[in-house]
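Here is the naming used below: chain letters follow the sequence lines, and residue numbers restart at 1 for every chain.
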Protein chains: 2
Amino acid sequence: MSITIKDVAKFANVAPSTVSRVIANNPRISDKTKEKVREAMDELGYHPNFIARSLASQSTQVLGLVTPGSSDVFFQNPFFPTVLRGLSEGAHEKQYALQLVTGMDEEEIYNGVVQMVQGGRVDGVVLLYSKVEDRILMYLREQRFPFVMIGKPFKFVDEITHVDNDNFQATKDATDYLLKLGHERVSFVGGDVNLVVTVERLLGYKNALEEAGITYRKDYVLHESFLLEGGKDAVGELMELPLSERPTALVIADDLMALGVLNTLNEIGIAVPGDISIMSFNNVLVSEMSRPPLSSVDINIFDLGYEASKQLIKRIEKPEEPAKRIIVQHNLVKRFSSGPLTK
Amino acid sequence: MSITIKDVAKFANVAPSTVSRVIANNPRISDKTKEKVREAMDELGYHPNFIARSLASQSTQVLGLVTPGSSDVFFQNPFFPTVLRGLSEGAHEKQYALQLVTGMDEEEIYNGVVQMVQGGRVDGVVLLYSKVEDRILMYLREQRFPFVMIGKPFKFVDEITHVDNDNFQATKDATDYLLKLGHERVSFVGGDVNLVVTVERLLGYKNALEEAGITYRKDYVLHESFLLEGGKDAVGELMELPLSERPTALVIADDLMALGVLNTLNEIGIAVPGDISIMSFNNVLVSEMSRPPLSSVDINIFDLGYEASKQLIKRIEKPEEPAKRIIVQHNLVKRFSSGPLTK
DNA sequence: TTGTACGCGTTATCAA
DNA sequence: TTGATAACGCGTACAA
């Protein structure tokens with residue numbers, strides 16, 4: 001068994017409660033006693049027991065992280081490590097630890113969240129995604145448990161503190177950019193339609209077309225999984241269109257998908273950006289290393305994570321404050337996968 | 001305040017201890033009482049408080065995950081998400097949660113581990129790396145705290161349970177493969193020399209050369225960071241060699257580095273595999289999508305993680321069992337970045 | 001088979 | 001400024 005507060009108390013000839021106060025740096029303890037107690041702690045190699053502290057104070061200093069149901073594919077996406085780094089840094093600054101919900105499907109993850117929350121394992125939760133329908137969100141809301149979301153809530157936007165990009169504007173910017181390069185047949189390749197981010201981006205895309213006076217075509221809009229395979233499939237679908245109607249530019253909602261597209265186009269002998277321009281999202285590391293390097297909307301993933309943990313901690317410490325919407329800047333990074341229309 | 005064991009006890013007209021026993025499914029409780037208590041739990045929506053349980057039972061059902069000091073670059077590497085997925089699955093099967101140590105540098109992470117361990121936050125720890133000198137490992141060893149390592153311990157190999165590839169043999173296989181293709185000037189591009197995996201791979205490389213009767217050249221061995229930039233720098237160094245002495249094949253210790261190499265070679269007009277063959281390690285997702293697709297040694301990263309959490313849980317539950325060395329299989333995946341010597 | 005009583009290591013309230 | 005003492009919610013030895 002390790003050294004407890006009682007051992008320190010005995011050693012320093014004070015009461016356990018006094019030791020506790022020294023740990024909390026309570027101003028009503030004399031400097032002399034503090035000194036004495038701290039020496040005792042050092043001498044004995046005392047470390048506070050977090051579990052006991054949590055039980056007594058009803059707070060754990062731990063944040064729970066919730067990934068979408070398909071956590072296997074989510075982990076694969078370079079988005080995840082970066083957002084995690086941001087979360088980690090934000091949490092660390094305030095001495096919070098990070099705990100992951102494990103589980104293979106949505107059901108398991110839901111149960112994991114309930115256990116975490118009811119079991120008092122965490123003080124708050126970060127949802128690393130935003131879905132159109134979400135049991136987990138509904139549950140947390142019902143419980144009035146502190147949580148923040150990365151992304152835009154589908155409902156209750158001004159009740160839920162969330163950290164998001166302006167995905168509508170970002171996609172509009174991306175689309176505008178391609179339109180200004182002279183492209184008129186611009187296609188949108190989005191991810192899972194159950195994700196709010198997909199919905200928002202699609203709206204931004206449509207809006208850009210509209211303002212440019214270009215008719216929206218349903219067969220120019222594709223939805224695939226946020227992965228390499230998704231990119232391949234997308235190309236297949238577009239190539240079914242008659243040659244004269246094929247898009248000359250693509251807005252792709254994720255770099256990995258874009259990589260898939262790039263490779264598939266390469267295989268069938270279509271040049272980028274010669275025949276087709278590509279603009280994608282996230283600006284992860286690999287986007288720089290593809291052939292050609294991808295033009296991509298940098299959404300500052302690290303900041304999304306960093307802000308999320310900061311906001312959650314605020315929410316835990318001051319639950320009465322109103323919900324906030326934090327917008328993280330985006331900016332277009334133009335590389336070589338996009339260029340002016342050549343024909 | 002939420003429902004406690006006492007509320008359930010009152011509701012079901014039994015003692016709190018009886019409820020506790022029902023939760024533990026103690027065989028000495030009659031089926032009738034169990035039934036009654038379970039109904040009460042359902043009725044009241046009872047969920048056990050993990051913190052209280054942890055304090056009483058001195059166990060948390062949480063595993064701690066420790067990344068190397070440079071966690072920012074570690075997170076970037078596609079190795080991380082995959083190993084995490086494995087860890088998560090292994091932990092979830094046994095109802096363990098995962099907690100991350102946060103911290104920006106080695107010092108902070110060390111402190112995080114000490115807090116985690118002394119604070120009783122976790123039942124065991126997984127080290128996701130193996131370094132030549134490691135305070136954290138020394139600390140855990142001194143404390144006799146349950147931990148496992150992914151990779152091969154530099155010291156105390158048969159005292160520490162670890163999950164590893166046979167990196168010596170894997171690199172030997174990779175090198176042999178290139179030698180058999182006719183290459184004689186084979187270079188080795190390794191990662192951080194403080195990592196044991198780098199040391200092991202270098203030994204395997206040397207051994208393969210030796211058995212093939214090829215003299216080892218120091219200037220054919222490079223050490224860079226496990227990232228894209230590392231790959232670029234490596235090419236720079238090799239190009240300083242006189243043309244006739246430049247290697248015709250490269251063994252590269254990481255796919256990301258290999259990607260960097262690939263791109264840099266491409267920029268300066270050197271063909272792969274025409275002029276230089278490349279064989280790399282890890283076989284992460286992007287290796288398939290590069291131009292040309294990378295030949296890579298698949299080290300089954302998921303299994304490394306999965307086995308690690310399984311072994312750690314065993315170790316927690318049966319601390320008296322002897323340490324084990326678990327070897328995860330590797331296999332060469334031949335794609336298009338490697339080919340026969342052409343001159 | 002079930003209940004009583006205590007301990008786990010803290011924090012917090014109330015006196016002194 | 002400090003010390004008793006009672007929570008916090010659960011597990012378990014011992015008693016019944």
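Between the P atom of C:dT10 and the CD atom of B:Q115 lies a distance of 13 Å, rounded to the nearest Å. Atom NE2 of B:H47 is separated from atom C1' of D:dG9 by 16 Å (rounded to the nearest Å). Taking atom CZ of A:R53 as the reference point, atom P of C:dT10 lies 8 Å away to the nearest angstrom. We find that CD1 of B:I51 is positioned 12 Å from C1' of C:dT10, with the value rounded to whole Å. As a whole-Å value, the separation of A:I3 CD1 from C:dC8 P is 14 Å. The nearest whole Å value for the distance from the CE atom in B:M41 to the P atom in D:dC10 is 11 Å. At whole-Å resolution of the value, NZ in A:K6 and P in C:dC8 are 6 Å apart. Atom CD of B:Q118 and atom C1' of C:dG9 are 14 Å apart (whole Å).
Side-chain contact between B:H162 and B:I150 is absent, with no heavy-atom pair separated by less than 4.5 Å.
Which of D:dC10, C:dT10, C:dA12 sits closest to the side chain of A:N49 comes down to C:dT10.
Within 4.0 Å (heavy atoms only), B:F50 reaches no atom of the nucleic acid at all. Note on B:P16: nothing from the nucleic acid sits closer than 4.0 angstrom, heavy atoms only.
At the phosphate of D:dG9, OP1 or OP2 sits under 4.0 Å from a side-chain N or O atom of A:Q58.
One cannot find a donor-acceptor pair under 3.5 Å joining the base of C:dA5 and the side-chain atoms of B:S17.
Atom OH of A:Y306 is separated from atom CD of A:Q311 by 11.0 Å, given to the nearest 0.5 angstrom. In this structure, CG on B:L100 lies 11.0 Å from CG on A:L63, to the nearest 0.5 angstrom.
At least one donor-acceptor pair under 3.5 Å links the side chain of A:D123 to the backbone N or O of A:Q61.
A salt bridge links A:K310 and A:E93; the closest N-O separation between the charged side-chain nitrogens and carboxylate oxygens is under 4.0 Å. Remark: B:R315 does not engage B:E320 in a salt bridge, criterion side-chain N to carboxylate O under 4.0 Å.
With B:I136 as reference, B:L127 is the one residue of B:L127, B:V125, B:V117 to meet the side-chain contact (heavy atoms from CB on, under 4.5 Å) rule.
Near DNA chain D, defined here as any heavy-atom distance below 4.0 Å, the residues from residues 18-37 of chain A are A:T18, A:R21, A:R28, A:I29, A:S30, A:T33, listed numerically.
For the pair B:A15 and B:A52, both in contact range of DNA chain C, the more 5′-proximal nearest nucleotide belongs to B:A15.
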